[in-house]
**Q** 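Below you'll find the structure I mean.
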Amino acid sequence: MSTSQQKCHVLRIDGVRVATGLSRSAIYDKGCSDSKYFDPTFPARFKIGERAVAWDAQEIADWVQTKKEQRVCSMR
């Protein structure tokens, strides 16, 4: 299956909370460039409706994996 044919799985806020272990406010802070907790490596949310946003599930999984790898490297 080519990349363009793969389904894009999205996570709503509760899914991101479960996947990352972060609180709702921490997730939004990481994505807000005005916040002192802004993290430019954190996946950006996108609108899926008039009043709904989501995150790409693979981007969230990749971000978590990067954090895990950084932990392992910093413990050596």
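Just so you know, these numbers use all the heavy atoms, side chains as well, and skip hydrogens, waters and symmetry mates.
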**Q** Is there a side-chain contact between R12 and I48, using heavy atoms and a 4.5 Å cut-off?
**A** yes
**Q** With a 4.5 Å cut-off on side-chain heavy-atom distances among I, L, V, M, F, W and Y, is there a chain of contacts connecting V10 to I60?
**A** no
**Q** When rounded to the nearest 0.5 angstrom, what is the spacing between SG in C32 and OH in Y37?
**A** 12.5 Å
**Q** According to a hydrophobic-cluster definition based on side-chain heavy atoms being under 4.5 Å apart (Ile, Leu, Val, Met, Phe, Trp, Tyr only), do V16 and V64 belong together?
**A** yes
**Q** Is D29 close to F42 at the side-chain level, that is, under 4.5 Å between some pair of heavy atoms?
**A** no
**Q** So how far is it from I13 CD1 to Y28 OH, rounded to the nearest 0.5 Å?
**A** 4.0 Å
**Q** Rounded to the nearest 0.5 Å, how far does CH2 of W55 lie from OG1 of T20?
**A** 9.5 Å
**Q** For R17, is there any backbone N or O sitting under 3.5 Å from a side-chain donor or acceptor partner on R24?
**A** no
**Q** Just by distance, do the side chain of K47 and the backbone of E50 share a donor-acceptor pair under 3.5 Å?
**A** yes
**Q** Roughly how far, to the nearest 0.5 Å, is CD of Q58 from CG of L11?
**A** 10.0 Å
**Q** Which pair of non-hydrogen atoms, one from P43 and one from E59, has the smallest distance, and what is that distance?
**A** CG-O, 3.4 Å
**Q** How many angstroms lie between OG1 in T41 and CH2 in W63, if you round to the nearest 0.5 Å?
**A** 6.5 Å
